[in-house]
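Single-structure report; data block below.
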Number of protein chains: 4
Amino acid sequence: MTPTAVRVRRAALELFAERGFHGTGIRQLAERAGVSSASLYHYMGTKEELLVALMTDSLERLVADAQAAVATSSDPVSQLEALVRMHVTAHASRPLDTRVGDHEVEALSEPARAQVVTLRDRYEQLWQEVLAAGLEDGVLRSEHPAVARRALLEMCSGVARWFDPAGPLTLEGLADHYAALACRLLGVSPPTRRGGADICV
Amino acid sequence: MTPTAVRVRRAALELFAERGFHGTGIRQLAERAGVSSASLYHYMGTKEELLVALMTDSLERLVADAQAAVATSSDPVSQLEALVRMHVTAHASRPLDTRVGDHEVEALSEPARAQVVTLRDRYEQLWQEVLAAGLEDGVLRSEHPAVARRALLEMCSGVARWFDPAGPLTLEGLADHYAALACRLLGVSPPTRRGGADICV
Amino acid sequence: MTPTAVRVRRAALELFAERGFHGTGIRQLAERAGVSSASLYHYMGTKEELLVALMTDSLERLVADAQAAVATSSDPVSQLEALVRMHVTAHASRPLDTRVGDHEVEALSEPARAQVVTLRDRYEQLWQEVLAAGLEDGVLRSEHPAVARRALLEMCSGVARWFDPAGPLTLEGLADHYAALACRLLGVSPPTRRGGADICV
Amino acid sequence: MTPTAVRVRRAALELFAERGFHGTGIRQLAERAGVSSASLYHYMGTKEELLVALMTDSLERLVADAQAAVATSSDPVSQLEALVRMHVTAHASRPLDTRVGDHEVEALSEPARAQVVTLRDRYEQLWQEVLAAGLEDGVLRSEHPAVARRALLEMCSGVARWFDPAGPLTLEGLADHYAALACRLLGVSPPTRRGGADICV
DNA sequence: GATGAATGAGGTTTCATTCAT
DNA sequence: GATGAATGAAACCTCATTCAT
């Protein structure tokens, strides 16, 4: 990718996150990227295809990272912790990607939307499998697993909307925090883990 | 409000929630409301003023309900529980309102945006006051109160994106669930409350 | 149709005939019709749909007139003469319609093109049936009927490109001329018709 | 001309004939010619200059061939037959050239249009001179010579729109056909020519 | 109260063309 | 000789809005 191509994608990411897909004009995009609006079309197909590219890249990266997270262990609790840490870190460090991914699915028309939704489902499927394994093993507990999964994801995704890297919390600290919270949410008894350290949620 | 006026607001709420403010055209609005696009202007000022009205109504109701929730008790823990129950119930039962309120603030231009942000801040201020009181009293505990407040709100607001009234969970059950979760998030020792019942989060 | 709608169609007909469909801009169209380019869209779908409407109307009229012409007699020679007179008259008096119909079929995209081609084929089918009947009866003669049909049509259609109503020839005279010519082209022996008058082609 | 230059001209001829000058984009041209759109500009001036070149070449060839046809004899009837045979052969064997020449004159801007029209007029002038000589000699007869000339030309040019070299008719046969037809059109008494053979038109 | 007609501004995209490499 | 990158102008079309009826 040429520097200009990178600038175009960066501009799109910023503007789609700030103002939404429909709220972003092609001319604003061009201005932010530092090219003419006609030149934009060397680096993208249509505005929508640009959105699809951004979403697809972001989701594919998330899926790959999730697969890697799951692969670190065969213990559902450890897998869940790894997923949460990865998810929170991703959302805190790349909030633009995730905000666009979360808010602009409705802006896509078929068949692009179906493709993106498929990717997102694949990602959530990984969480579901880990949760299901943990619930079957009895190391995780929940009255409403489906609800718990969504609540957990919403909570973790929320960091993209407020986390400030210049704030008092490091990415590492944030990930720790949320991993512990996830365990509580799913009934993992804390004392038996990590030498019983006093983890304040 | 005449029936048509109600239909216009309902249509706007649905479409702004579905497709976003910028993604909704005045003609779609008219069609959904069952009037001509010219007639729309008997029931609203501009498209943006319609959005402002929807947001303002929704937020004012939320603020009023929050004030009522806080007034039910002078105990910070009870107040927090009441806030959570109210917030979750509102988001689960009126997801369109809250989705519009959460996503479309950026679509407003000044000075409308400032007004809406002021209302939202007033709402969050109520949470902050309850949390601050609880933390000072020592009945709530948190390493990072600001983080905890936002994480809690994100988690609770999330229900607007997934709660299904036809699903297995009642609004009541959902509110119970989240009230308990909020307590855990803020270090309220469960055994001392409600006769030590085993509340599964 | 409102006066403005008529002006829009007239403008389109003139410009599409003069400069071609692709050579005519929406702004020229608007200017010629005396409306703004945005107002144009009250009277048409897209530019292409306007072209389709013009072509369809013109062809349907031609087909109807051809059916009427054929219905005037059961004698193939008389039918052919009626067809030629009608065709020549139509092309001489409405040259814009026929020029657009002849030149701009390629500008259409599917499925509109197929519809228009179907109409045109239906029209030519009428000629073919008359010719076939005449050939079978032996009152018409041709070495290459298919060639004769196309040559005849081309010759008759050509008047749209040069006939001048202010010139020395009346529409009536023109039609006479071409009817006689068609008879010669198809081997009708002139002496037996119209009392053997000296018809100069 | 280099092979690439030939390919460019061939591509332009095909596309201008298929889709018209305004309907053909520079990028389609490049693709059909197998070069980049920038490279196109090594082989042409502007798109319009390319059209002018194609038309000029085609018309100059036509003029030269017409002059040669006229030079074959001093008998107006023979000259007319030679012109018709040449014109029909040209239109049947090079339909792209003639279609572009016939349809795209309007696409030219001045002064190019004037040049092309001058060439076309020079061509038609040759026909007119032959017809005038024949009429004066009394070997050709027509009520409306101007009409006859245009009708004759339209009829002959029409072959470019339908002649199929793979069809039943050879170029030679086609030329014979049209030469005989032209004679009839202009009142040449057939019996006195070619030993009175029964020429079926 | 209701709407068809109208429009200036702006939407996204494509145009023919140039130029540095 | 060839081309990727770039662009001003213009393409078609839709926008939110107004107004006479």
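All values reported here derive from a predicted model rather than from experimental measurement. In what follows, every chain begins at residue 1, and chains take the letters A, B, ... in the order their sequences are listed.
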Are [X] and [Y] ion-paired here, with the side-chain N under 4.0 Å from a carboxylate O?
X	Y	result
B:Arg99	B:Glu104	no
D:Arg161	C:Asp102	no
C:Arg27	C:Glu31	no
A:Asp97	A:Arg61	no
A:Glu18	A:Arg32	yes

Considering only side-chain heavy atoms of C:Thr46, which listed nucleotide, E:dT17, F:dC13, E:dT7, is closest?
F:dC13
Whole-Å distance between [N] [atom2] and [X] [atom1]?
X	N	atom1	atom2	value
B:Lys47	F:dT17	NZ	C1'	12 Å
A:Leu29	E:dG11	CG	P	12 Å
D:His42	E:dC19	NE2	P	13 Å
A:Tyr41	E:dA16	OH	P	17 Å
C:Glu49	F:dC13	CD	P	9 Å
C:His22	E:dC15	NE2	P	11 Å
C:Leu50	F:dA11	CG	P	17 Å
B:Ile26	E:dT3	CD1	C1'	15 Å

Mapping A:Arg27 and B:Arg27 to their closest nucleotides on DNA chain E, which lands nearer the 5' end?
B:Arg27
Of A:Glu48 and D:Thr24, whose nearest nucleotide on DNA chain E comes first from the 5' end?
A:Glu48
Does A:Ser39 put a side-chain nitrogen or oxygen below 4.0 Å from OP1 or OP2 of F:dT7?
yes
OP1 or OP2 of F:dA2 less than 4.0 angstrom from a side-chain nitrogen or oxygen of D:Tyr43, does that happen here?
yes
Given that B:Phe21 and A:Gly34 both sit by DNA chain F, which one's nearest nucleotide is further toward the 5' end?
A:Gly34
For E:dA20, which nucleotide in any strand shown is its Watson-Crick or wobble partner with both distances under 3.5 Å?
F:dT3
